[in-house]
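Along the sequence shown, the residues carry numbers beginning at 1. Each ligand, and each atom within it, is numbered from 1 in the order the structure gives.
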Amino acid sequence: MTVHRLSPEILSAIEGAVGQNGVAADPAGMAKYLGDWAGDYRGNALAVLRPASVAEVQALMRLCNELGLGVVPQGGNTGLVSGAIDSKGGLVVVSLERMNAIRQIDTENFTLQADAGCVLQTIKDACEARDCLFPLALGAQGSCQIGGNAATNAGGVNVLRYGMARDLILGLEVVLADGELWNGICGLRKNNSGYDLKQLFIGSEGTLGIITGVEVKLFPKPAKTETAYLGLASFEAAVTLFNRARRECSDLISAFEIIGSECIELARLIDPGTRAPVSAPVQVLVELSSSAAIDLNALLAGFLGDALESGLVTDAVLAASTAQARSFWAIREGLVEGQAKRGYHVRTDLSVKISDIPALIEQARRFVAYDHPGWIPLAYGHAGDGNIHFNVLPPAELAEHEARARGAEVIAGLYEIAVGLGGSISAEHGIGRSRRQEFWARLSPTHRRMVAALKSALDPKGLMNPGCLLPETETFR
Ligand SMILES: Cc1cc2nc3c(=O)[nH]c(=O)nc-3n(C[C@H](O)[C@H](O)[C@H](O)COP(=O)(O)OP(=O)(O)OC[C@H]3O[C@@H](n4cnc5c(N)ncnc54)[C@H](O)[C@@H]3O)c2cc1C
């Protein structure tokens, strides 16, 4: 049964759990928590609750469990699949933003512990000040929270060297649906004793519990970073280049981003002065980094010299300064922001085997050209991980409601292409509410049974983020 309003008695019980400062139930106070970054979704909630401690999260969850009140955990609200906002109402949003302290940095053991609401950039800055690196890096790092990164198993630009959030997390602290606390933070890098329970919560998108604390691995801060912006004739050439770079630049590649030249226009919407350093249909941003005294410049220059000579690369600019390297990255970041600025667009997060990237892009472009003429395809992404964001802009003159209706057909066609190549419909953004039907429909009966068993064991009343990740039509009790 959907609750439409919190009675004064329930509100006062909630205030008892999280304090008056921790409750917003008026439209103005809730507004900033109910809209997503891209402007695609508008949420609804009975109240936004902002606990300030683990004990307050526990008290809140005990109360919600008693009342049968559904909960939507929210981090920085930068997710791109509507996991942290729900439009139908009858739920409370629990924001972790007031739990934002770094608990401990241990530079001898290369570990850091933080509250789940700590913003990723704050963690990265604190590590840098201690000569360490926390390598998770994404465009939203100034707003997303480490708890949200854990809950979504975030990826980003450094995955090919350091792995996804799942590979970087050593321990979690979680408040379960009934308010019980599980402390899985132990400071150990190796702990091979039984089920690795933290992995259940990583990528669970708030459907199994509220993450309140996270312990992560750190690395030595790179002493040297070299960045180059390259022009190539085709996506096939980019994949060949990546394979060669992996072998010839050892394990020092920290990013390998691919950008179709059609994306540059979008970066110009954010900074009209944007000019790609090369003119070529396919562009690549490659970064090498090392904490040891290795002559990275000579390594990268030698590699690129050979690639230019063989014709694999048609143009290359090696950044001469940190500012120039930054300007390369500004293109990559600007093209994402430019899409949001342009308005509604089809957004995907596909992954295939690295060797299948050219086929994915070729088939997807052909599909859009024939089935949706006038729509503008964009291809870019973390090519070193086989992750391509194949996004499509509707024709500018199409009314938004028509674009949204047609957009659903475009997405369905793109998913078919990725799955046909043995790929995934979600490389790193997760499932949320926007992909749950497609996700669920593709699972085998055995897979569904295991997911349902986990959900009903950890959240028997179905209170944790109902409607996210798992379809509401299923019962998990
Ligand atoms: C410009 C831009 C660039 C991006 N680039 C990337 C990228 O390169 N790679 C990538 O992977 N993602 C990317 N994203 C998506 C997004 O930033 C990540 O998914 C991020 O990890 C979400 O963190 P958040 O704190 O904002 O979580 P939210 O958006 O608040 O929540 C996301 C999900 O996690 C759950 N959740 C949040 N906090 C908790 C918690 N403490 N306990 C339990 N559940 C919780 C929510 O219920 C929701 O289901 C990008 C987004 C933007 C806007």
I'd like the name of whichever of [options] reaches closest to [atom] through any heavy atom.
{"atom": "atom 49 (O) of ligand 1", "options": "Glu428, Glu205, Glu333, Glu257", "value": "Glu205"}
{"atom": "atom 47 (O) of ligand 1", "options": "Ala427, Pro73, Gly206", "value": "Pro73"}
{"atom": "atom 8 (O) of ligand 1", "options": "Arg433, His382, His429", "value": "His382"}

Between [X] and ligand 1, is there a nitrogen or oxygen pair with a distance under 3.5 Å?
{"X": "Trp37", "result": "no"}
{"X": "Asn153", "result": "no"}
{"X": "Gly75", "result": "yes"}
{"X": "Gly79", "result": "yes"}

Taking a cutoff of less than 4.0 Å between a non-hydrogen atom of the residue and any ligand atom, is [X] in contact with ligand 1?
{"X": "Ala340", "answer": "no"}
{"X": "Gln141", "answer": "no"}
{"X": "Val72", "answer": "no"}
{"X": "Gly156", "answer": "yes"}

task: Dump the intermediate steps for side-chain hydrogen bond (donor to acceptor under 3.5 Å, both in side chains) on Gln121 and Asp125, then the final yes or no.
output: CA-CA 6 Å; Gln121 187 67 57; Asp125 291 346; 2.9 Å; yes

Please answer whether the main-chain N or O of [Y] pairs with a side-chain N or O of [X] as donor and acceptor at a distance below 3.5 Å.
{"X": "Arg268", "Y": "Thr274", "result": "yes"}
{"X": "Asp115", "Y": "Cys118", "result": "no"}
{"X": "Thr152", "Y": "Gly430", "result": "no"}
{"X": "Gln74", "Y": "Glu97", "result": "no"}
{"X": "Arg50", "Y": "Asn21", "result": "yes"}

Which residue and heavy atom of the protein sit nearest [atom], plus the separation:
{"atom": "atom 13 (C) of ligand 1", "result": "Leu138 CD1, 3.6 Å"}
{"atom": "atom 50 (C) of ligand 1", "result": "Leu80 CD1, 3.8 Å"}
{"atom": "atom 27 (O) of ligand 1", "result": "Gly148 CA, 3.7 Å"}
{"atom": "atom 45 (C) of ligand 1", "result": "Ala151 CB, 3.4 Å"}
{"atom": "atom 43 (C) of ligand 1", "result": "Gly209 O, 3.5 Å"}
{"atom": "atom 31 (O) of ligand 1", "result": "Ala84 CB, 3.6 Å"}
{"atom": "atom 22 (C) of ligand 1", "result": "Thr78 OG1, 3.5 Å"}
{"atom": "atom 19 (O) of ligand 1", "result": "Thr152 OG1, 3.5 Å"}

Using a 4.0 Å cutoff against the non-hydrogen atoms of [X], which atoms of ligand 1 qualify?
{"X": "Gly83", "value": "47 (O), 48 (C), 49 (O)"}
{"X": "Asn465", "value": "47 (O), 49 (O)"}
{"X": "Ala154", "value": "11 (O), 21 (O)"}

Answer with side chain, backbone, both or neither: which part of [X] has a heavy atom less than 4.0 angstrom from an atom of ligand 1?
{"X": "Ile211", "answer": "both"}
{"X": "Leu96", "answer": "side chain"}
{"X": "Glu337", "answer": "neither"}

Without hydrogens or angle criteria, can the side chains of [X] and [Y] be said to hold a donor-acceptor pair below 3.5 Å?
{"X": "Thr111", "Y": "Arg189", "result": "no"}
{"X": "Arg166", "Y": "Gln199", "result": "yes"}
{"X": "Ser143", "Y": "Thr78", "result": "no"}
{"X": "Asp36", "Y": "Asn77", "result": "no"}

query: Taking the six-membered ring for Trp, are Phe219 and Phe110 ring centroids under 6.0 Å apart?
result: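 Ring centres of Phe110 and Phe219 not closer than 6.0 Å.
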
field: Reported CG-to-CG distance for the pair Leu6 and Leu49, which is rounded to 0.5 angstrom
entry: 8.0 Å

query: Which heavy atom in Val286 sits nearest to a heavy atom in Phe256, and how many Å separate them?
result: CG2-CD1, 3.9 Å

query: Looking only at heavy atoms, which two atoms of Gly203 and Leu469 are closest? And how far apart?
result: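 Closest pair (atom of Gly203, atom of Leu469, distance): O-CD2, 4.5 Å.
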
query: Please walk me through it: do Tyr380 and Asn391 pass side-chain hydrogen bond (donor to acceptor under 3.5 Å, both in side chains)?
result: CA-CA 8 Å; Tyr380 64 93; Asn391 296 354; 3.2 Å; yes

